[in-house]
Amino acid sequence: MSNETRASFGGKLSAILVAAGSAIGLGSIWRFPYMAGEHGGAAFLLVYLLCVFVVGIPVMLAEFSVGRRTKMNAVGGYRSLSKPWRWLGYCGVLGALFISGYYYIVAGWSLEYMVSSFTGSLYSSPDSFTDQFSSFQASWRQVFYTFIFILLTHLIIIRGVEKGIEKASKVMMPALFIILIIMAIRVAFMPGASEGYRFFLEPDFREAFTAKTIFMAIGQAFFSLSVGMGCMVTYASYFKKDNNLTSTSFSVALLTLLVAVLAGLVIFPAVFSAGLQPSEGASLIFVTLPEIFKDMPFASAWSVVFFVLLTMASLTSTISFHEVLTAYFLEEYNISRKAATRITSALSMALCLLSLLWVFDINVLDLQGVSFFEIFDYTTANILMHLGGLFTCIFAAWKMKPQFMRDELTNYGQMRGRAFPLLYYTLRYVTPLLIIYIFLKNLGIL
Ligand code: PFF
């Protein structure tokens, strides 16, 4: 195995920053509002909050433990603990590939919006924001921006994870919080905003606890925390042995939740104020946010700052799933970091092109109106991550002895680990049973 990747992240804060950098991204700012918009607003928020604690944090701790113990990529990590379980690592690699097939495209949209805010064309065009988004969706520029995003990720990864990401996260994250807070205050003064608050904050409990809502919320918890596909295994392989895994996972989860809630507090009042539909789907933030900026003084400048930050937040996430693949190729095939990075970037571009073919009305396979983009999104957040998360619980809390998790969560007895029993039993019973129950219920089997 090559030693090139076995650098480690700086200190305690760095572990939180890089893991939060992976977690906070399009998942909280783009995907969360559109999922909440389609699945009952406040009802979805409530269930999502619960899922982060009951499902997301325990699975994250299991992944952290595997990664830091083995100091290997996802496949190597599981294999070195138990050979037959290496397939769980392969599942993660597959998940990272599928995510690459569409995440870069959405990140490219953010780049396009950053540029068109900068040139002012977004706000000077006579077309509505909805029409502008549709025409961008049907243009070659999408391919260009997707390519640029993969290139940016490539250039950072090739230098190694520890440089760049830490620094970027330190500046980006506080800035992102600040602009979201400013925007949340701004939208509070928009006419009709109160209906948005009602939609996002007053849950209909009957809608909240349906199998469908819980299923989608579990998927969103996995997606937004980057768990269930080996990403946190890979990142924890760079953690130091004195990092406190439990507090790291809680900090990451809380920061991610905060961004998602702030995003909701910005988007929904603006949606209702502008007379748009909360169930707009994937285009939701791209048609809603410009509505907020357009009447603000220095509209373009605010818009540029926001999309720069969204782009950076997306970049610290693309780096993380790119690294899952790069570390896999590098260590499993014993090739250089440069070669591993190139293979990963080329594969990512190929998959994105597959997703984009549809946009240009080129049908390679008859998928009955479903695009590869939708297939990649659906299979990662609703199949691969659920299964990956479920088997991660089974691996860490059934296959491995309790001592394995106890050692990792207490740093071999150096910390008291008072929360250990609660976390361990949640991981052993509550999380897997909930995932199985909801999965089967959603398939109509129960
Ligand atoms: N958590 C990221 C986001 O919310 O944007 C997406 C993500 C990154 C998912 C890395 C999975 C992953 F391995």
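Both ligands and their constituent atoms are indexed starting at 1 by order of listing. Quick note: numbers below take in every heavy atom, side chains included, and nothing from hydrogens, waters or symmetry partners.
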For Ile435 and His386, which heavy atoms make the closest approach, and how far apart are they?
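So the minimum-distance heavy-atom pair works out to CG2-O, 3.9 Å.
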Does [Y] offer a backbone N or O that forms a donor-acceptor pair with the side chain of [X] under 3.5 Å?
X	Y	result
Thr316	Gly21	yes
Ser336	Ala339	yes
Arg428	Ala397	yes

Could you list each nitrogen or oxygen of ligand 1 that sits under 3.5 Å from a protein nitrogen or oxygen, with the atom names and the distance?
unit_1	atom_1	unit_2	atom_2	d
ligand 1	1 (N)	Ser22	O	3.2
ligand 1	1 (N)	Ala23	O	3.0
ligand 1	1 (N)	Phe223	O	2.8
ligand 1	1 (N)	Ser224	O	3.3
ligand 1	1 (N)	Ser226	OG	2.9
ligand 1	4 (O)	Ala23	O	2.9
ligand 1	4 (O)	Gly27	N	3.1
ligand 1	5 (O)	Leu26	N	3.1
ligand 1	5 (O)	Gly27	N	2.8
ligand 1	5 (O)	Tyr103	OH	2.5

Would you say the rings of Trp302 and Phe306 are close, in the sense that their centroids are separated by under 6.0 Å?
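When the ring centroids of Phe306 and Trp302 are compared, they turn out to be at least 6.0 Å apart.
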Are there more than 12 heavy atoms of other residues, nucleotides or ligands under 6.0 Å from atom CZ of Phe177?
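Above 12, so yes.
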